[in-house]
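Chain A is the first sequence line, chain B the second, and so forth, proteins listed ahead of strands; every chain is numbered from 1.
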Amino acid sequence: MSKKPRTAITPTREENFPEWYQQVIKAADLAESSPVRGCMTVKPYGWAIWENMQNIFDPWLKDYGVQNCSFPVLIPVSFLSKEAEHVEGFAKECAVVTHHRLEKDPENGGLRPAPSAELEEPYVVRPTSETIIGDAMSRWIQSYRDLPMQLNQWGSVMRWEMRTRIFLRTSEFFWHEGHNAYADHEGAKGDCLHILDLYEKFFTEILAIDGYKGIKTADERFPGANETYAFEAMMQDGKALQAATTHDLGTNFSKTFDIKYQTKDGGEELCHTTSWAFSTRMIGGLIMMHGDDDGMVMPPRIAPQQIMILPVIKDDATAAEITEFCEAIAVQLKAQGIRAKVDTRDMRTPDKMWDAIKKGIPLRVEIGGREMEAGEVTTVRRDIGRDSKQTISVDQFVNDAESMLDAIHDDMLVRSRTFRDENTVLAGSVMEIDDFFSEDKIGFIRAPVEILEDEALAAVMKKHGLSTRNMPFIDEGSTVLIAKAY
RNA sequence: CGGAAUGUGGCGCAGUCUGGUAGCGCGUUCGCCUGGGGGGCGAAAGGUCGUGGGUUCGAGUCCCGCCAUUCCGACCA
């Protein structure tokens, strides 16, 4: 009587992808929704992923010349209103601070904003910081010698979203936002392209997620940008996830915030500014890219725990000895900079295993009396599962651990690429697009850009909930990607 | 903000139609046996039934408001 092995996550991806996504977050203990509408509480295991993202990416920015700093979380409403397109884009989703004091509410005994403490000018909780950083840059940049100015801050922003999902879209989310200023268009454009390359490197080499770099169509541009460049990844359900963007803001913000510099010959010119970001949304991307029906599958380089060592203890007599044996191996792994840990919790072994599986720890190591006697370990790769179970000597394992993790990363990246390629479909007409999505197929459509001129396109896009993702560099602007998106 | 659904111990649900002292599974705690992909037996703890009103002798159950979550749409990283 062979029963189909129970999956750790119900429902499965195939049964109900959005619900599966929620359940993975819960099972892996990444985050939960909070008492604050639309906001999430990121739990330690989830936050550890974000910390790793910061720790890895931040030095890359520093190496490029970017300096970190911090601007206020509150922005004067008057700042936001200066750039016309920018206001239009963000005004409708701003949380507004109007008072600076609470007082006892005579009506119900609770607290209320004190009417006497109303601010003359309200603030918005920053939805993004172009304006307040533009204001600073106008004072900080005087001469061509001050350029380029490359600033970044790690922080959170707030956008009052109508519909939220943990990591993918929450009212408050964490990100880094870079804001650079250059003397001319070439500088700004080069900046956008360079940082997009850094993002690509980060997504492929660290997160094992490949996608498409490209230029956004006009209607998908950032409010206030002349050009938006984006990295678009394909999730397992075929929907697109905009993973990161860089914006060429031209002189739009320089004009409104008076960001000018004196040229070598004494003239006065407007700066060309850029802004660029990725966010905690990428944690959602990791889940939807790599997760399976048993939960999270962490790419090794971002995994908070890369190797989990499970002592398999049968009786109290050998417990201490086995644990010690495990700890000694962990020490050797840690000496190589590997994030390894022995699970010494007072739980049943199978429960520990499932916990490691649901959390997506890349490599699980089981060590019981048998292994200890023989000087061996049993390893299991999370991305492959029980079929990858193998027993090797401790020495070999310690020696190969790093390359085993690299192999996991490489395989995950190849799978990501293969999936993307297999689900990117060429289409030459609006009808083909309609047919594709009418048949419930998933993936990206790659169509000639001329299709954007076709008057029938809008209706089909609307019918299937599609949007243009970008015009990918690989086709040098001759095609456009069309897909459903997060 | 429109359409739909849901809110009952930590989690998943039944109970609501037909009002009458709040139940089940998992998890948790304790004990014993166990321990290499979710084990067994026994005991125990744990709930203002989302919230505020109303109807009633009596409300988880009926009526109204509000809030939250999820899904679909519009909007968006």
Side-chain angles (χ1 to χ4, degrees), chain A residues 5-11 16-19 21-23 26-27 29 32-40 88-94 108 127-128 156-177 199 216 219-223 228 230-233 240-247 275-285 294-295 310-316 318-319 322 346-358 364-371 377-380 382 385-387 389 391 462-465 467 484-486:
Chain A
R6 165 151 80 111
T7 57
I9 304 295
T10 17
N16 184 344
F17 196 82
E19 177 63 18
Y21 173 80
Q22 305 279 348
Q23 293 305 322
K26 194 181 285 185
D29 209 26
E32 61 185 27
S33 62
S34 73
V36 182
R37 179 203 173 91
C39 292
M40 62 178 164
E88 203 180 317
F90 287 106
K92 56 187 175 291
E93 51 183 19
C94 284
N108 57 22
T128 179
S156 70
V157 287
M158 175 161 280
R159 298 176 188 176
W160 211 263
E161 298 291 348
M162 294 184 165
R163 194 173 142 219
T164 58
R165 299 173 192 245
I166 293 187
F167 292 127
L168 297 176
R169 170 156 294 104
T170 46
S171 284
E172 183 191 27
F173 60 90
F174 298 84
W175 72 350
H176 77 86
E177 52 177 321
Y199 287 146
K216 286 285 188 184
D219 50 331
E220 295 286 330
R221 261 180 222 141
F222 178 79
T228 289
F231 185 93
E232 297 281 335
L241 185 76
Q242 179 175 303
T245 46
T246 66
H247 310 293
S275 65
W276 28 277
F278 76 78
S279 73
T280 38
R281 163 177 253 206
M282 284 318 294
I283 299 175
D294 285 327
L310 296 184
V312 181
I313 291 162
K314 289 219 197 292
D315 52 68
D316 291 345
T318 54
I322 292 174
D346 182 19
M347 288 166 59
R348 287 171 32 78
T349 306
D351 292 337
K352 291 187 189 179
M353 282 181 191
W354 281 106
D355 191 51
I357 291 167
K358 287 186 282 194
R364 190 170 81 240
V365 179
E366 300 171 12
I367 302 175
R370 292 204 296 269
E371 283 86 354
V377 298
T378 296
T379 65
V380 190
R382 174 61 182 91
R386 68 224 296 182
D387 291 344
K389 198 175 264 205
T391 300
K462 193 171 165 63
K463 175 180 169 190
H464 297 291
S467 57
K484 296 181 183 179
Y486 281 99

Base, sugar-phosphate, or nothing: which does [X] touch, judged by heavy atoms less than 4.0 Å apart?
| X | result |
| --- | --- |
| A:Gly385 | base |
| A:Lys358 | base |
| A:Met353 | sugar-phosphate |

Provide, to the nearest angstrom, the distance between the [atom1] atom belonging to [X] and the [atom2] atom belonging to [N].
| X | N | atom1 | atom2 | result |
| --- | --- | --- | --- | --- |
| A:Met40 | B:A77 | CE | P | 16 Å |
| A:Asp351 | B:G37 | CG | C1' | 11 Å |
| A:Glu220 | B:C75 | CD | P | 10 Å |
| A:Arg370 | B:G36 | CZ | C1' | 6 Å |
| A:Asp387 | B:G37 | CG | C1' | 12 Å |
| A:Glu93 | B:C1 | CD | C1' | 14 Å |
| A:Trp160 | B:C1 | CH2 | P | 12 Å |
| A:Arg221 | B:A77 | CZ | P | 14 Å |

Across all strands shown, which nucleotide pairs with [N] by Watson-Crick or G-U wobble geometry, both distances under 3.5 Å?
| N | result |
| --- | --- |
| B:A68 | B:U6 |
| B:U18 | none |
| B:C62 | B:G54 |
| B:G42 | B:C30 |
| B:G73 | B:C1 |

Which heavy atom of [X] sits nearest a heavy atom of [Y], and at what distance?
| X | Y | answer |
| --- | --- | --- |
| A:Ala8 | A:Asp294 | N-OD1, 2.8 Å |
| A:Cys39 | A:Ser171 | SG-CB, 4.0 Å |
| A:Arg165 | A:Pro18 | NH1-CB, 4.0 Å |
| A:Pro11 | A:Asn16 | CG-CB, 3.6 Å |
| A:Glu161 | A:Thr164 | CB-CG2, 3.9 Å |

[N] and [M]: how far apart are their [atom1] atoms, nearest whole angstrom?
| N | M | atom1 | result |
| --- | --- | --- | --- |
| B:U55 | B:C63 | P | 15 Å |
| B:U69 | B:U29 | C1' | 31 Å |
| B:U8 | B:C49 | P | 11 Å |
| B:G25 | B:G40 | P | 13 Å |
| B:A43 | B:G38 | P | 26 Å |
| B:G27 | B:C41 | P | 12 Å |
| B:G9 | B:G15 | C1' | 15 Å |
| B:A5 | B:C57 | P | 32 Å |

Choose from [options] the nucleotide whose nearest atom is closest to any side-chain atom of [X].
| X | options | result |
| --- | --- | --- |
| A:Glu366 | B:G39, B:A77, B:G36 | B:G36 |
| A:Trp354 | B:G39, B:A77, B:G37 | B:G37 |
| A:Ala8 | B:G36, B:A77, B:G38 | B:G38 |
| A:Lys92 | B:G36, B:C75, B:G37 | B:C75 |

Polar atoms only, N or O, under 3.5 Å: list the protein pairs with nucleotides 30-35 of chain B and their distances.
residue	atom	partner	partner atom	Å
B:G35	N7	A:Lys314	O	2.9

Does the side chain to side chain contact (heavy atoms under 4.5 Å, CB included) test come out yes or no for A:Glu232 and A:Leu241, once each step is laid out?
CA-CA 6 Å; A:Glu232 297 281 335; A:Leu241 185 76; over 6 Å; no
Residues two or more places apart in sequence or in another chain: which of them pass side chain to side chain donor-acceptor pair (under 3.5 Å) with A:Arg364?
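Partners of A:Arg364 by the side chain to side chain donor-acceptor pair (under 3.5 Å) criterion, ordered by chain and then number, come out as A:Glu366.
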Step by step, work out the side chain to side chain donor-acceptor pair (under 3.5 Å) result for A:Thr228 and A:Thr245.
CA-CA 7 Å; A:Thr228 289; A:Thr245 46; over 6 Å; no
What protein N or O atoms touch nucleotides 67-71 of chain B N or O atoms at under 3.5 angstrom, if any, and at what distances?
residue	atom	partner	partner atom	Å
B:A68	OP1	A:Arg37	NH1	3.0
B:A68	OP2	A:Arg37	NH1	3.2
B:U69	OP1	A:Gly38	N	3.2
B:C71	OP1	A:Arg165	NH1	3.4

Roughly how far apart are A:Ile313 CD1 and A:Asp346 CG, rounded to 0.5 Å?
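Going from the CD1 atom of A:Ile313 to the CG atom of A:Asp346 covers 9.5 Å.
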Between CH2 on residue A:Trp276 and OH on residue A:Tyr199, distance to nearest 0.5 Å:
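The distance works out to 6.0 Å.
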Which residues satisfy the side chain to side chain contact (heavy atoms under 4.5 Å, CB included) test with A:Thr379, sequence neighbours excluded?
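A:Thr379: side chain to side chain contact (heavy atoms under 4.5 Å, CB included) contacts with A:Leu363, A:Val365, A:Val377, A:Gln390, A:Phe397, A:Met404.
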Partners of A:Lys314 by side chain to side chain contact (heavy atoms under 4.5 Å, CB included), sequence neighbours excluded?
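With neighbours one apart ignored, the set is empty.
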Earlier contact from the 5' end, RNA chain B, for A:Ile357 and A:Ser279:
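Whichever sits nearer the 5' end wins; that is A:Ile357.
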Does A:Leu168 or A:Gly368 map to a spot on RNA chain B nearer the 5' end, using the closest nucleotide for each?
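Upstream on the strand: A:Gly368.
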Parallel under 30°, tilted from 30 to 60°, perpendicular over 60°: which one fits the rings of A:His176 and A:Phe278?
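The rings of A:His176 and A:Phe278 stand perpendicular, inter-plane angle above 60°.
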A:Phe222 and A:Phe90: aromatic ring centres closer than 6.0 Å?
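Ring centres of A:Phe90 and A:Phe222 closer than 6.0 Å.
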When you compare the protein's N or O atoms with those of nucleotides 9-13 of chain B, which come within less than 3.5 Å of each other, and at what distance?
residue	atom	partner	partner atom	Å
B:G12	OP1	A:Lys26	NZ	3.4

